[in-house]
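Side-chain atoms are counted along with the backbone in the values below, which use heavy atoms only and exclude waters and symmetry mates.
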Amino acid sequence: MSAFIKIRENYKSFTNSDKKIADYIIENHKDVINYSAQEIGEKTRTSPASVIRFSKKLGYNGLGELKIALAISDDTSSKRDNIDDIINFGDSLDLMVDKLKIRSDDTIKDTVSLMDIPKLKDAVDYLKNANYIYLFGVGASAIVALDFQYKLLRINKKTFFHMDNNLQVATSVHITPKDVAIGISYSGRTKEVNMAMKRAKENGAKTIAITKCGKSPLSSISDIILNIPSVEKELRIGAISSRNSELFLTDTLFLGITMDSLNGLENYLINTRKIVEALKEI
């Protein structure tokens, strides 16, 4: 994972000293790789010990490892426009399209950077072996869950999802230890999703969360946490970036399920395509 992404994703949990160091590194990363902990501490008005602790909070053994990570990281992710700034007064339509493309490309790139492949593999294994798969999501996340349900049903994976929030919670009562529940929520604080996932956990099912980095009620009750970038703002036109991240992750899970048994699933795909095409016949 890029050092810049690590800093951004953990920024809200930083102490005031951490934030001073983080801000300085983002703005002066090319110089920081040549500085000692003493020099960084002086420039940020913190201390060498604070700089070392900051490096370890990011998962590095010390400042040396952090500097190596900064040297090889792409710093474009640290210089983002607000998602709502995609639409500015006076912008042309083609400029807005270019901005949206750049943001979408960056979002997918960050999502890949946050991927924990061992956790992803475990999630795929859970889904492969599940009797039933239950999906929970509200708002834009419900659209992602519905898309995932369509894909899973085409390969004969028994999947439950309801657009009605109350029905989502109600179906969680029937989850068994042989099932898997997936909660999709950018914030990790969606009440309906968390209630359903909590009941799934209590019933003994495997639980998977697709949510942004950081602690949240959803992450605390999930066996596997698949993180998406913390890119949305408090005020936003639409859940554009988070939705794209969620879709990318669910598509990855779907392809992971099909990888080892593509030949066996081919008939399912052919048959579902044929019956749908029959509806188009005049």
Does Asn131 form a side-chain contact (heavy atoms from CB on, under 4.5 Å) with Lys158? I'd like the steps, not just the answer. CA-CA 7 Å; Asn131 276 7; Lys158 297 177 178 63; over 6 Å; no
Does the Lys NZ or Arg CZ of Lys43 fall within the cation-pi geometry relative to Tyr24 - under 6.0 Å from the ring centre and within 45° of the axis? no
Atom of Val51, atom of Ala37 and distance for their closest heavy-atom approach: CG2-O, 3.8 Å
Using side-chain heavy atoms (C-beta onward) and a distance below 4.5 Å, is Ile25 in contact with Leu66? yes
Where is the tightest heavy-atom contact between Gln168 and Leu135, given as atom of each residue plus distance? OE1-O, 4.1 Å
Kindly indicate whether the side chain of Asp251, heavy atoms from C-beta on, has any atom under 4.5 Å from the side chain of Lys151. yes
Please check this pair: side chain of Ser216 against backbone of Arg189, looking for a donor-acceptor N/O pair closer than 3.5 Å. no
Under 3.5 Å: donor-acceptor pair, side chain of Thr176, backbone of Lys178: yes
Does any non-hydrogen side-chain atom of Ser50 lie less than 4.5 Å from one of Ile21? yes
With the threshold set at 4.0 Å, does a side-chain nitrogen-carboxylate oxygen contact exist between Lys19 and Asp23? no
Hey, are Thr44 and Thr46 close enough side-chain-wise for a donor-acceptor pair under 3.5 Å? yes
Does Lys109 pair with Asp105 as a salt bridge, N-O distance under 4.0 Å? no
Look only at the side chain of Lys157 and the backbone of Lys128, and say whether a donor-acceptor pair between them is shorter than 3.5 Å. yes
So Phe14 and Tyr11, would you call those rings parallel, tilted or perpendicular, with 30° and 60° as cut-offs? perpendicular
So, His174 versus Phe160, ring centres under 6.0 angstrom or not? no
Which heavy-atom pair separates Gly188 from Ser185 by the least distance, and what is that distance? N-OG, 2.9 Å
Are any of the side-chain nitrogens in Asp18 or Arg53 under 4.0 Å away from the carboxylate oxygens of its partner? no
Residues Lys206, Asp179: salt bridge by 4.0 Å N-O rule: no
Look at the side chain of Thr190 and the backbone N and O of Val193, then say whether any donor-acceptor pair between them is shorter than 3.5 Å. no
Looking at Lys212 and Asn227, what are the two nearest heavy atoms and their distance? O-ND2, 3.3 Å
Test item: Asn203 and Arg199 side chains (from C-beta on) under 4.5 Å apart, heavy atoms: yes
Is there a side-chain contact between Leu253 and Leu120, using heavy atoms and a 4.5 Å cut-off? yes
Shortest non-hydrogen separation from Ile208 to Ala123 and the atoms involved: CD1-CB, 3.8 Å
Does any part of the side chain of Val112, heavy atoms only, come nearer than 4.5 Å to the side chain of Phe248, both counted from C-beta? yes
Asp164 side-chain N/O to Leu167 backbone N/O, donor-acceptor pair under 3.5 Å: yes
Under 3.5 Å, is there a donor-acceptor pair linking the side chains of Ser245 and Ser242? no
Does a side chain donor of either Thr107 or Asn244 reach within less than 3.5 Å of an acceptor in the other side chain? no
Hey, does Val32 have a side-chain heavy atom less than 4.5 Å from the side chain of Ile40? yes
Ser141/Glu246 under side-chain contact (heavy atoms from CB on, under 4.5 Å): CA gap, chis, key distance, verdict: CA-CA 8 Å; Ser141 294; Glu246 291 168 358; 3.2 Å; yes
Can Lys6 be said to sit on top of Tyr60's aromatic six-ring, NZ or CZ under 6.0 Å from centre and within 45° of the ring axis? yes
Closest contact, heavy atoms only, Lys198 versus Ile221: N-CD1, 3.7 Å
Check for me whether the distance between the ring centres of Phe254 and Phe148 falls short of 6.0 Å. no
Are any non-hydrogen side-chain atoms of Tyr186 and Thr211 less than 4.5 angstrom apart? no
Is there a donor-acceptor pair under 3.5 Å between the side chain of Ser13 and the backbone N or O of Asn10? yes
Any donor-acceptor N or O pair under 3.5 Å, side chains Glu65, Ser55: no
May I have the step-by-step check of side-chain contact (heavy atoms from CB on, under 4.5 Å) for Asn34 and Lys67, ending in yes or no? CA-CA 8 Å; Asn34 297 312; Lys67 290 197 290 185; over 6 Å; no
Any sub-3.5 Å donor-acceptor pair from Glu192's side-chain atoms to Asn165's backbone N or O? no
Stepwise, does the side-chain contact (heavy atoms from CB on, under 4.5 Å) test hold for Val180 with Asn129? CA-CA 9 Å; Val180 173; Asn129 297 317; over 6 Å; no
